[in-house]
Amino acid sequence: MAEDPNVAIRPEFPTGRVKKIMKLDKDINKVNSEALLLVSCSTELFLRFLAEKSAEVTKEKNRRIVKLEHMSIAVQRHRPTGNFLLDSLPLPSQPSDRPAPDHNTSRPVAEKPVPAGTRRIDEFFNKTASKSPIQIENDE
Amino acid sequence: MEEQAIVLLEMVDTFGASASNDDNCLKEQERLLPIANVGRIMKQILPANAKISKESKETMQECVSEFISFVTCEASEKCRKERRKTVNGDDVCWALETLGFDDYAGPLRRYLHRYREVEVDRANQDKIRSIEREE
C-alpha cells in the first residue's frame, strides 16, 4: 500500500464498466464521479490484496500455479473479505461430495433478486466443481 | 416467468442489446470487469515465476464484481437513510470503513481531497480564462 500521498492512484479499470456493475443493483439511484473513482480505486486495491494473499497461500504449498483453493484459503483468512465471499467459494477442507453451501444465504446484496441472465457467483463454482480435474496435489 | 421477462426487457433498455440468445452471454460480460485488466493486475502482484489458472482469473473477476456490489450497496444504503439521492465519495469511504476495509479508506480519502482540490483549481482556471477572454 502506498503511504506517500504524492503517489497517484489511477484506476486501471474502465470506469464505464465499473459504473454498469454498480448500477446492476436497482436500488442504486445516482452515483457521482467521485464515488465512481473511489469505487474503481478501491476495487483495484482489493484485487491486488486478494491476489497477493492468494499467492502467499500458493507459495506456502510450494506451488507455482495460483488455484481456486488457494484463493479460498486467502478469503477465509481475511474476515471482511470472507463476509461477502465466503459462502461463494468452495471451502478446501470439504470433501467434494458434500452438498454445496446454501445458495439462498442472505447477504446484503443477495436480498435483491439478481437481474435475469446474470450468473450468481455460486453457480459459477458449482459448474466448476462438477468438472473438477483429478486432484494431483493430495498433500493438502 | 413474467417477472423475469420484465427484468430482461429492462436490462435490454439499459444496455441497448437486442433480445436474442446471445443476451445471456452479453449480460455476463456486462457484470464483470475485463479479464485482461484483471489478469494484468494479478500478474503485477505475483512473483515472476508464478502462474494463474484460468479458473482463478475468472473467479477473481467474480470476486471483484462482488466487491463493487458490496461496497456500493452499503454506500447507497447510507444515502437512502439520509434521504440523499446521489452516492458521493465520502459515502464510499464510509462504506469501506464500515465493511472492514479501513486501510483503503485512509489513502482514498487523501486522494479524494487532492482530487477535489484539482477540480476546484481547474474550475477556477476556466473561470479566469473565460473572464480574460471577455475583456
Side-chain angles (χ1 to χ4, degrees), chain A residues 1-3 5 9 12-14 17-18 20-25 27-32 34-35 37-39 41-48 50-52 54-55 58-59 64-68 70-71 75 79-80 83-85 88-89 107-109 113 115-119 121 124-125 128, chain B residues 4 7-8 11 23-24 27-28 30-31 33-34 37-38 40-42 45-47 49-53 55-56 58-60 62-77 79-80 85-89 91-93 96 99-101 103-104 107-108 110-112 114-116:
Chain A
M1 276 292 293
E3 289 298 314
I9 317 167
E12 286 213 30
F13 295 130
R17 185 70 63 85
V18 174
K20 275 187 182 158
I21 297 170
M22 289 173 82
K23 292 202 139 187
L24 283 174
D25 184 343
D27 288 345
I28 306 298
N29 221 320
K30 287 183 185 178
V31 165
N32 78 359
E34 288 178 349
L37 185 70
L38 292 190
V39 167
C41 289
S42 58
T43 302
E44 190 187 326
L45 290 174
F46 174 72
L47 170 50
R48 288 178 187 275
L50 189 52
E52 190 183 316
S54 302
T58 309
K59 192 177 173 186
R64 272 195 321 125
I65 306 175
V66 178
K67 297 216 158 133
L68 207 53
H70 306 157
M71 287 178 66
V75 165
R79 198 182 188 128
N83 284 342
F84 71 98
L85 285 183
S88 306
L89 282 158
R107 297 177 288 170
V109 175
T118 58
R119 278 194 318 196
I121 190 170
F124 174 82
F125 286 102
T128 306
Chain B
Q4 278 182 343
V7 173
L8 186 63
M11 291 202 59
D23 243 1
N24 283 350
K27 299 298 170 292
E28 181 64 35
E30 296 288 352
R31 55 173 282 276
L33 289 173
N37 297 62
V38 170
R40 187 173 63 237
I41 295 171
M42 286 181 86
I45 298 294
L46 263 43
N49 66 338
K51 284 180 155 44
I52 311 150
S53 71
E55 206 177 60
S56 295
E58 288 170 350
T59 304
M60 189 61 92
E62 300 273 358
C63 290
V64 152
S65 285
E66 287 286 324
F67 178 82
I68 292 172
S69 298
F70 192 51
V71 172
T72 306
C73 182
E74 195 71 22
S76 159
E77 187 57 25
C79 283
R80 195 186 62 79
K85 285 202 173 155
T86 307
V87 177
N88 65 32
D91 296 326
V92 174
C93 286
L96 288 167
L99 297 171
F101 293 95
D103 44 349
Y104 300 178
L108 289 179
R110 283 199 293 274
Y111 185 55
L112 182 62
R114 270 190 302 129
Y115 173 80
R116 283 174 177 166

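Order of the sequence lines sets the chain letters (A, B, ...), proteins ahead of strands, with each chain counted from 1.
Listed by chain and residue number, Glu77(B) satisfy the salt bridge (charged side-chain N to carboxylate O under 4.0 Å, His left out) test with Arg80(B) (two or more places apart in sequence, or in another chain). With sequence neighbours excluded, the residues satisfying side-chain contact (heavy atoms from CB on, under 4.5 Å) with Ser76(B) are Ile28(A), Val87(B).
Side-chain contact between Leu47(A) and Met42(B) is present, with at least one heavy-atom pair separated by less than 4.5 Å. In this structure the side chain of Pro34(B) reaches within 4.5 angstrom of the side chain of Pro14(A), judged on heavy atoms. No side-chain heavy atom of Leu38(A) sits under 4.5 Å from any side-chain heavy atom of Tyr115(B). Residues Leu99(B) and Pro80(A) form no side-chain contact, since every pair of their non-hydrogen atoms from C-beta on lies 4.5 Å or further apart. Looking at heavy atoms from C-beta onward, Thr86(B) lies out of side-chain contact with Val31(A) at the 4.5 angstrom threshold.
With a 4.5 Å cut-off on non-hydrogen atoms, Leu33(B) touches chain A through its backbone and its side chain both. When heavy atoms are compared at a cutoff of 4.5 Å, Asn88(B) approaches chain A by way of both its backbone and its side chain. For chain A, the nearby parts of Phe67(B) are the backbone and the side chain; heavy atoms of each come within less than 4.5 Å. The contact between Val18(A) and chain B is made by backbone and side chain atoms together, counting heavy-atom distances below 4.5 Å.
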| task | Apply side chain to side chain contact (heavy atoms under 4.5 Å, CB included) to the pair Met60(B) and Leu50(A), showing each step before the final yes or no. | result | CA-CA 8 Å; Met60(B) 189 61 92; Leu50(A) 189 52; 3.7 Å; yes
| request: Please assess Leu37(A) against Tyr111(B) for the test side chain to side chain contact (heavy atoms under 4.5 Å, CB included), listing each intermediate value before the final yes or no. | output: CA-CA 10 Å; Leu37(A) 185 70; Tyr111(B) 185 55; 3.8 Å; yes
| task | Could you check Ile52(B) against Ile65(A) for side chain to side chain contact (heavy atoms under 4.5 Å, CB included), going step by step and ending with a plain yes or no? | result | CA-CA 5 Å; Ile52(B) 311 150; Ile65(A) 306 175; over 6 Å; no
| task | Just do the side chain to side chain contact (heavy atoms under 4.5 Å, CB included) check on Ile41(B) and Phe13(A) with the steps written out, would you? | result | CA-CA 10 Å; Ile41(B) 295 171; Phe13(A) 295 130; 3.7 Å; yes
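With hydrogens and angles ignored, the 3.5 Å screen pairs a side-chain donor or acceptor of Arg64(A) with a backbone N or O of Asn49(B). Judged purely by atom type and a 3.5 angstrom limit, Ser53(B) has no side-chain atom pairing as donor or acceptor with the backbone of Lys67(A).
Note that the CG atom of Asp103(B) and the OG atom of Ser42(A) stand 11.5 Å from one another [nearest 0.5 Å]. The distance from atom SG of Cys73(B) to atom CG of Asp25(A), rounded to the nearest 0.5 Å, is 5.5 Å. The distance from the CG atom of Leu108(B) to the CG atom of Leu45(A) is 5.5 Å, given to the nearest 0.5 Å.
Met22(A) and Thr72(B) get closest at one heavy-atom pair: CG-OG1, 3.4 Å. Closest of all the heavy-atom pairs between Glu12(A) and Asn37(B) is O-ND2, 2.9 Å. Between Glu34(A) and Gly89(B), the shortest heavy-atom distance links the atoms OE1-N, 3.5 Å. Considering every non-hydrogen atom in both Cys63(B) and Met71(A), the closest pair reads SG-CE, 4.3 Å. Thr59(B) and Leu68(A) make their closest contact through OG1-CD1, 2.9 Å (heavy atoms, listed as atom of the first residue, atom of the second, distance). Nearest heavy-atom pair, Tyr104(B) versus Phe46(A), reported as atom, atom and distance to 0.1 Å: OH-CA, 3.2 Å.
Considering only heavy-atom pairs separated by less than 4.5 Å from chain A, the leading option among Cys93(B), Gly100(B), Ala75(B) is Gly100(B). Of the residues considered (Thr58(A), Val75(A), Asn29(A)), Asn29(A) shows the highest number of contacts with chain B, using heavy-atom pairs under 4.5 Å.
Applying the 6.0 Å contact sphere to NZ of Lys23(A) captures more than 12 heavy atoms from other residues, nucleotides or ligands.
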